[in-house]
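Data block below; observations after.
Nothing fancy with the numbering, it's 1 onward along the sequence. Keep in mind that the numbers below use all heavy atoms, side chains included, and drop hydrogens, waters and symmetry copies.
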Amino acid sequence: LHHACLWGLEALDKYYSLTDESYIGRFALLLNPNFKTNYMVKRRWQQAWINRALNLVCKVWKEEYTPAPTSASQPPTRPTTKPLFDFDEYVANGHTNEPAAGEVLDQLESYLVQDSFRCMDPLSYWHEKCELGKWPELAQMAIDYLSVPATSIDVEHAFLYGHQTVSLYRHSLSSESA
C-alpha cells in the first residue's frame with residue numbers, strides 16, 4: 001500500500017507540475033466571468049503569478065485576437081509604453097467599471113476592469129456577447145479557451161484501445177491494416 005501511495009503521489013506531482021507549462025487554465029480563470037482575477041486574489045496567489053497570467057492573456061490577445069483598426073477616425077488609444085492591463089491600478093481604483101476620463105480601453109481591458117459576477121454558463125455568456133456584437137473578438141477568444149476539454153481522458157482511452165488493437169502479439173500489423 002505504501003508503494004502504491006508513493007506511486008500515486010509521484011504521478012500527481014508529475015501532472016500537476018505540467019500545469020505551469022500550460023496557460024489554458026489561467027486563461028479559463030481570467031475569461032470566466034465568475035472568477036477573473038478575484039479567484040486568484042482570494043486564493044492568495046503570489047502577485048507574480050497573477051501578473052504572469054495577465055501578461056500571458058494580454059500577449060495572446062494582442063497577437064491573435066485584437067481587431068485591426070477599421071478607419072483612421074478611431075479615437076486615440078493609450079500610449080503603447082503602458083502595459084495593456086495594470087493589476088495594481090485595477091485594485092487601487094476599487095475595481096471601477098468605467099475607464100478614466102479620456103481613456104479608451106480595448107475589449108480585454110474593458111472586460112477585466114469589471115467586477116466578476118455569478119454566471120451559470122460562461123460559454124452561453126460569451127456566445128451571447130458574440131451574437132450581440134459586444135466584444136466579438138474577446139468573445140471568440142473566451143469561447144476558444146473555455147471550450148478546451150479539462151482532461152485528456154479521451155486521448156488516454158484512444159491509446160489504451162490502440163494498444164489492444166496493435167498489441168505485442170499483433171506487432172506485425174501495418175498502419176493500413178490496423
Side-chain angles (χ1 to χ4, degrees), residues 1-66 83-91 95 107-109 111-127 129-130 137-178:
L1 182 63
H2 177 71
H3 290 290
C5 291
L6 289 177
W7 179 81
L9 286 173
E10 185 178 310
L12 180 65
D13 286 342
K14 173 186 171 187
Y15 290 107
Y16 187 75
S17 67
L18 293 175
T19 61
D20 290 338
E21 296 176 20
S22 174
Y23 51 85
I24 292 173
R26 291 176 257 185
F27 282 22
L29 283 174
L30 291 171
L31 296 172
N32 185 327
N34 291 299
F35 301 118
K36 298 186 182 184
T37 55
N38 295 344
Y39 175 87
M40 299 170 182
V41 171
K42 286 179 182 175
R43 298 289 185 232
R44 295 189 175 109
W45 282 29
Q46 295 176 14
Q47 189 61 46
W49 296 352
I50 296 171
N51 291 341
R52 176 78 176 132
L54 289 168
N55 289 336
L56 282 170
V57 78
C58 290
K59 179 180 182 231
V60 170
W61 166 251
K62 284 181 185 178
E63 292 174 359
E64 298 180 27
Y65 292 94
T66 300
L84 179 65
F85 182 80
D86 186 345
F87 183 76
D88 294 327
E89 180 181 308
Y90 171 72
V91 172
H95 311 302
Q107 295 174 32
L108 180 62
E109 287 177 298
Y111 166 73
L112 288 173
V113 297
Q114 293 178 353
D115 289 334
S116 60
F117 58 90
R118 184 144 172 79
C119 177
M120 295 303 290
D121 186 355
L123 280 174
S124 293
Y125 168 80
W126 286 112
H127 277 289
K129 292 287 185 193
C130 201
E137 292 82 9
L138 180 61
Q140 186 59 57
M141 181 181 182
I143 291 167
D144 289 349
Y145 284 98
L146 292 173
S147 298
V148 173
T151 182
S152 63
I153 293 290
D154 293 335
V155 174
E156 292 172 6
H157 280 225
F159 279 105
L160 172 68
Y161 292 121
H163 178 69
Q164 291 172 352
T165 303
V166 184
S167 68
L168 294 174
Y169 302 108
R170 301 177 72 184
H171 68 279
S172 63
L173 288 174
S174 68
S175 60
E176 291 82 28
S177 60

- Message: What's the separation between atom CG in Leu56 and atom OH in Tyr23, rounded to the nearest 0.5 Å?
- Response: 8.0 Å
- Message: Can you confirm whether the side chains of Ser116 and Asn38 place a donor and an acceptor under 3.5 Å from each other?
- Response: yes
- Query: Of the non-hydrogen atoms in Phe35 and Leu29, which two are nearest, and what is the gap between them?
  - Reply: CB-O, 3.6 Å
- Message: Quick check for you: to the nearest 0.5 Å, what is the distance between Thr37 atom OG1 and Asn51 atom CG?
- Response: 10.5 Å
- Query: What heavy-atom pair brings Leu31 and Leu138 nearest, and what distance separates the two atoms?
  - Reply: CD2-CD1, 4.0 Å
- Task: Would you mind reporting whether Met40 and Leu30 have side-chain heavy atoms less than 4.5 Å apart?
- Result: yes
Which donor-acceptor pairs under 3.5 Å do side chains of residues 139-146 form with protein atoms, sequence neighbours excluded?
{"unit_1": "Gln140", "atom_1": "NE2", "unit_2": "Asp144", "atom_2": "OD1", "d": "2.7"}
{"unit_1": "Asp144", "atom_1": "OD2", "unit_2": "Tyr65", "atom_2": "OH", "d": "2.6"}

- Task: Would you indicate whether Glu10, at its atom CD, is surrounded by more than 12 heavy atoms from other residues, nucleotides or ligands within a distance under 6.0 Å?
- Result: no
- Spatial distance of atom CD1 (Ile50) from atom CD (Gln47) [nearest 0.5 Å]: 4.5 Å
- Indicate yes or no: at least one non-hydrogen side-chain atom of Arg26 is less than 4.5 angstrom from one of Trp49. no
- Message: Could you check whether any side-chain heavy atom of Leu54 comes within less than 4.5 Å of a side-chain heavy atom of Leu112, counting everything from C-beta outward?
- Response: yes
- Does the side chain of His2 come within less than 4.5 Å of Leu6's, by heavy atoms? yes
- Looking at residues at least two apart in the chain, or sitting in another chain, which of them share a side-chain hydrogen bond (donor to acceptor under 3.5 Å, both in side chains) with Ser147? none
- Message: Between Tyr125 and Phe117 (judged by ring centroids, cut-off 6.0 Å), do the two rings come close enough to count as a pair?
- Response: yes
- Donor-acceptor contact present, side-chain Lys36 to main-chain Gln114, <3.5 Å: yes
- Would a distance-only check, ignoring hydrogens and angles, find a side-chain to backbone donor-acceptor pair under 3.5 Å from Asn32 to Ala28? no
- Ring centroid separation Tyr111 to Trp126 under 6.0 Å: yes
- Message: Are Glu109 and Gln107 packed together at the side-chain level, in the sense that at least one heavy-atom pair is separated by less than 4.5 angstrom?
- Response: no
